[in-house]
Amino acid sequence: MRKKNLHYKASLLGELAGFDVTGFPLAIFPKKHIARSSLIYPAAGEKGECVNLFKVLQSNLCENNCFYCVNRRDRDCPRVEFTPQELASLFLEYYKKDWVRGLFLTSAINISPDASQEKMLETLKILRQRYNYRGYIHCKILPGVDTGLIEATGRLADRLSMNLEAPNQRCLSELAPDKNFHGELLDGLRKIASFNKRHPLKAGVTTQLVVGAADDRDREILSLSHKLYKDYALRRVYYSAFTPVEDTPLENLRPCPPLREFRLYQADFLLRKYNFTANELIFNEKGNLYLDRDPKLVWALNNMDRFPVEINKASFEELIRVPGIGRVSARKILEVRRNTKLKELEQLKKLGAITKRARRFITLDGRFYPVKEEVKPEIDKQLFLWEEI
Ligand code: SF4
């Protein structure tokens, strides 16, 4: 009976933990992800590899009433909670079978943020101290949690995160009336970032935003992300395209198109790895990224005075601004041109550049390779999943 009860909790709390996932990992790893159970979540690792994590809620009992959430207080659904011992043992079962490489622990807010955080902390203590588990742990910090609890959790985890949900108070009020953007969420993230500065976490600090449920604009979302990378040294900002949940106040709202989430990730990549600032990104009249073209291409088309660049002379910074040339291919170009002059598109292709996209933005030994007007729209619309473009 006890075992049956545990499996029931596991399938329910695993499935509910999957509610706030971003579509991005599933878009990159559609074939690699083998759904052995709802508890297994395919996360993107540091080098872009697929890492299966045991993602679960400690509890889905919640005192808050966020409008979009499957676990909101007023929603009629089964409510269960793991004891720390139950959760630790179940996780180790999966870990020992080599089904997962780490734990991603989160929770709804039962009784108070501190009470729920303490339960998660207890689970971490059992794993680290009783079972001597040394593997990966990502633990969510709940909004409003005491600083001492943040620090105690941080000493046992590899990554901490707190979901900001929205880019500002205006949007947050449309989603989560019980939460305060500056006093609770941003301040909580600041405390986590401050802990990380003093005691660096192996996998850093992250946050997540729900996109498309409120009147949010990509411009405000990416300005916030840029600030978080710069001032809080965040490792990643994740974007989760809104999907309506039955029996919530937002159930009739249209889902956010997955392509919007994808474009946000591409723009985010430009901020983190290509030295773009949020102000350089190009938005439409509503303040959103263009959906039909990737943000680097849109930037280049709006800055044609900076092109064409001569491949044999351009700096690394100039090369990575060329659509179709990523950081890896830019490094290879610099290396190869020390000994050889690059004269042919084929040579560039061999170095990993997407030449059909890059050709109209470059010269090779003084030669320009124009693209016929009629094929430009076709090339511009192509969706490159790989980040290195
Ligand atoms: S605090 Fe809000 S988002 Fe978090 S579980 Fe509760 S209702 Fe859902």
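Whatever order the structure lists ligands and atoms in, that order sets their numbers, starting from 1.
Around atom 4 (Fe) of ligand 1, the closest heavy atom drawn from Arg73, Arg72, Glu63, Lys179 belongs to Lys179.
In this structure a side-chain-to-backbone donor-acceptor pair under 3.5 Å is missing from Lys296 to Arg321.
Salt-bridge formation is detected for the pair Arg128/Asp158: a Lys NZ or Arg NE/NH1/NH2 atom is positioned less than 4.0 Å from an Asp or Glu carboxylate oxygen.
Remark: Arg367 CZ is loosely packed, at most 12 non-hydrogen atoms of other residues, nucleotides or ligands lying under 6.0 Å away.
Ring-plane geometry between Tyr274 and Phe269 is classed as tilted, the angle between the planes lying from 30 to 60 degrees on a 0 to 90 degree scale.
Only the side chain of Tyr68 comes within 4.0 Å of ligand 1, counting heavy atoms alone; its backbone N, CA, C and O stay farther away. Contacts of Cys66 with ligand 1, taken as heavy-atom pairs under 4.0 Å, involve both backbone and side chain.
Atom 6 (Fe) of ligand 1 has as its closest protein heavy atom Cys62 SG, 2.2 Å. Of the protein's heavy atoms, Ala108 CB, 3.6 Å lies nearest to atom 5 (S) of ligand 1.
A centroid separation of 6.0 Å or more is found between the aromatic rings of Phe242 and Tyr68.
At a threshold of 2.8 Å, atom 8 (Fe) of ligand 1 has a backbone or side-chain N, O or S atom of Cys69 nearer than that distance.
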